[in-house]
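Just so it is clear, the structure is predicted and the values come from calculations on it, not from any experiment. Labels below follow one simple rule: chain letters A, B, ... track the order of the sequence lines, proteins then strands, and each chain is numbered from 1.
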Amino acid sequence: MNTEVQQEGEIFTQRREKLEQIRALGFDPYPHKYAFTHTLTRTVEQFSSRTAQELEAQPIPLRVCGRILTIRRHGKASFLDLYDGNRKLQIYVKKDVVGDRLWSLFELLDNGDVLGVEGALFRTKMGELTVRTDVLTLLAKALLPWPFGKFQKKKEGEGPEEVWYSSLADVEARYRQRYLDLVVNRDSREVFLLRSKVVRQIRRFLDEREYIEVETPMMQARAGGALARPFVTHHNALDMDLYLRIAPELYLKRLVVGGLERVYEINRNFRNEGISTQHNPEFTMLEFYQAYSDYRDLMELTESLLTEVADQVLGKREVQFNGHRISFDHWQRFSLVEAIGKFWGGPAPAPTPADLGTREGVGSALERAQVPYDHAASRGELLGKLFESVVERQLIQPTFIYDYPVELSPLSKTRDEDPAFVERFELYIGGLEIANAYSELNDPEEQRERFEQQAAARARGDEEAHVMDENYVTALRYGMPPAAGEGIGIDRLTMVLTDRHSIRDVIFFPHLRPE
RNA sequence: GGGCCCGUAGCUCAGCUGGCAGAGCACCUGCCUUUUAAGCAGGGAGUCGAUGGUUCGAAUCCAUCCGGGCUCACCA
């Protein structure tokens, strides 16, 4: 949309003239506060069962406020609807009652204006709960028109009986002018209210288990803890480049070394990579660490956590996502190698664990699945590639995939039975990667070697390889208790719980303009 | 970055085999003191994303650019 054209437009000019007329009448179009007695939502919910007779016998005086949705003018008496983003309430304004001066003000009101109304409840002939206005107060004049659409009575069922349908459909406008979207698209508001509840329930769950919430640096001298390209910024006084963090992991584990045995952080990570319906350059991650535990404990914890979140936030354990019915009562677990065989979609027969035991075997499976791959890559890297292309999108029901190749996991502890693999799992729901967790590598010398291998990969041109972090190795040399840690993508989890298919629909202000 | 699609009134869109720029909602004026998608009567509103080209004539055809959506690749 072109904001300049809109602001030079006819409606804007008309409304500015009305604003001047309002001032000329002696009203402040932008007063400081309004002492309401009831929210619109509370008014509707509390008094919706009162009959006309009850309201007449026992008048309920109140002051309410909200945004004007529509005005139905009838000469010397009019109706308007106020809206608080949740419920709307009808207001009746009668010239005889409010007097000439307030009536003149009323005549200068438009939809979108924020209004306070003092009066008493009654029911109209048609039975609608309505405030009969004694005093009306303009609380904020809207100079630009709101894209309110039509409204429609909802049929039988849950939720408010009326639903407003927005005429704001343009996707870019919905993101750029989220404030409009939040008011006119009821669904949008509900997504963000639900997201807030998800975060609150996660905090409650972890707090109940003796976790403490912490904050670690967003700007780091080395961007570690994940395999991704960072954003670079510059500190002028120190004259040094700093990186926006790609993960808080290495700092959280330093805290575990420091005796904070259960820590979590819910905060932003920044990754300088592609933008898609599943990726925003900044995204919110829950990351938590639990000492004296391994990744299997975290699988249990994750099941409990997400089941409780579903219970508390949705009130049920089933959710519709992308045309699938997802149940938080049925959790599956497969090793990565197992999953490749089970979900194999290429020509029969599916590769067996033995087939996948060699680099050549994995390479031939990739060829049969017609997946192009780097022939210089190691077996573990090829396994990861094969898993992503063959299995990932098929993981609709909550599924843990465990035991990842060591090459892909420089911070994870290897399995005792097979050091080519690490104790790591990822959780998939609805085809989305929701969580990533592992038993933390706490052997400082092995960690140092892993970093060196990553440094070698980086030297070969892999920009996403992990950087060496001597300082972190030093922390491990003081002895980190055995621990397991996990990251859960809050944005993606919200997508699943709200049936949104773009990450932009669960972030208030998503990044919009790619290069 | 590749592929496909889109950009016309404040909003949602039609018009696109070239020939006076349209509809609904919103807005303005008038009437209307229990309406509720209020009603009735009248009216205003556009750099057709931008630039260049073809043409007697371009919203329409061509090229380039800008912005957006979906999708593939990389990533969580």
Item checked: Closest listed nucleotide, where the reference is the side chain of A:I503 and the choices are B:C74, B:A76, B:A38 -> B:A76
Note to self: Just to be sure I understand the geometry, which residues of residues 387-412 of chain A put a non-hydrogen atom under 4.0 Å away from RNA chain B?
What the structure shows: A:E388
Item checked: Selected nucleotide, minimal atom distance to A:F122 side chain, candidates B:U34, B:G10, B:U71 -> B:U34
Notebook entry, point to check: Choosing from B:C28, B:U34, B:A26, which nucleotide comes nearest the side chain of A:D110?
Noted result: B:C28
Item checked: Ring centre gap for A:Y404 and A:Y438 strictly below 6.0 Å -> no
Notebook entry, point to check: Less than 3.5 Å between a donor and an acceptor, one on the side chain of A:R132 and one on the base of B:U34, is that the case here?
Noted result: yes
Check: Touch check for A:N272, heavy atoms < 4.0 angstrom, all strands: base, sugar-phosphate only, or nothing?
Finding: nothing
Notebook entry, point to check: Can you find an N or O donor on one side and an acceptor on the other, under 3.5 Å apart, linking the side chain of A:Q90 with the base of B:U35?
Noted result: yes
Notebook entry, point to check: Please give, in whole Å, the distance from B:A76 P to A:I507 CD1?
Noted result: 16 Å
Item checked: Euclidean distance for C1', B:G53 against B:A58 (whole angstrom) -> 11 Å
Next item on the list: Look at the side-chain N and O atoms of A:T277 and state whether any lies under 4.0 Å from the OP1 or OP2 oxygen of B:C70.
Entry: no
Check: Who passes ring-ring contact (aromatic ring centres under 6.0 Å, His included) against A:Y428, sequence neighbours left out?
Finding: A:F387
Item checked: Nearest-angstrom distance, C1' atom, B:G19 to B:U60 -> 11 Å
Margin query: Quick check for you: among B:A76, B:C74, B:A38, whose closest atom lies nearest to any side-chain atom of A:R492?
Written below: B:A76
What's touching nucleotides 41-45 of chain B from the protein side, N or O pairs under 3.5 Å?
from	atom 1	to	atom 2	distance (Å)
B:G44	N2	A:E10	OE1	2.8

Hey, what are the protein-to-nucleotides 29-33 of chain B N/O distances that come in under 3.5 Å?
from	atom 1	to	atom 2	distance (Å)
B:C32	N3	A:G75	N	3.1
B:C32	N4	A:G75	N	3.2
B:U33	OP2	A:K76	N	3.4
B:U33	N3	A:D96	OD2	2.9
B:U33	O4	A:D96	OD1	2.4
B:U33	O4	A:D96	OD2	2.9

Margin query: I need the full list of salt bridge (Lys or Arg N to Asp or Glu O under 4.0 Å) pairs touching residues 373-394 of chain A, with sequence neighbours left out, sorted by first then second residue.
Written below: none
Note to self: Nearest to the side chain of A:T124, heavy atoms from C-beta on, is which of B:A73, B:U36, B:G10?
What the structure shows: B:U36
Item checked: Qualifying residues under ring-ring contact (aromatic ring centres under 6.0 Å, His included), relative to A:F231, sequence neighbours excluded -> none
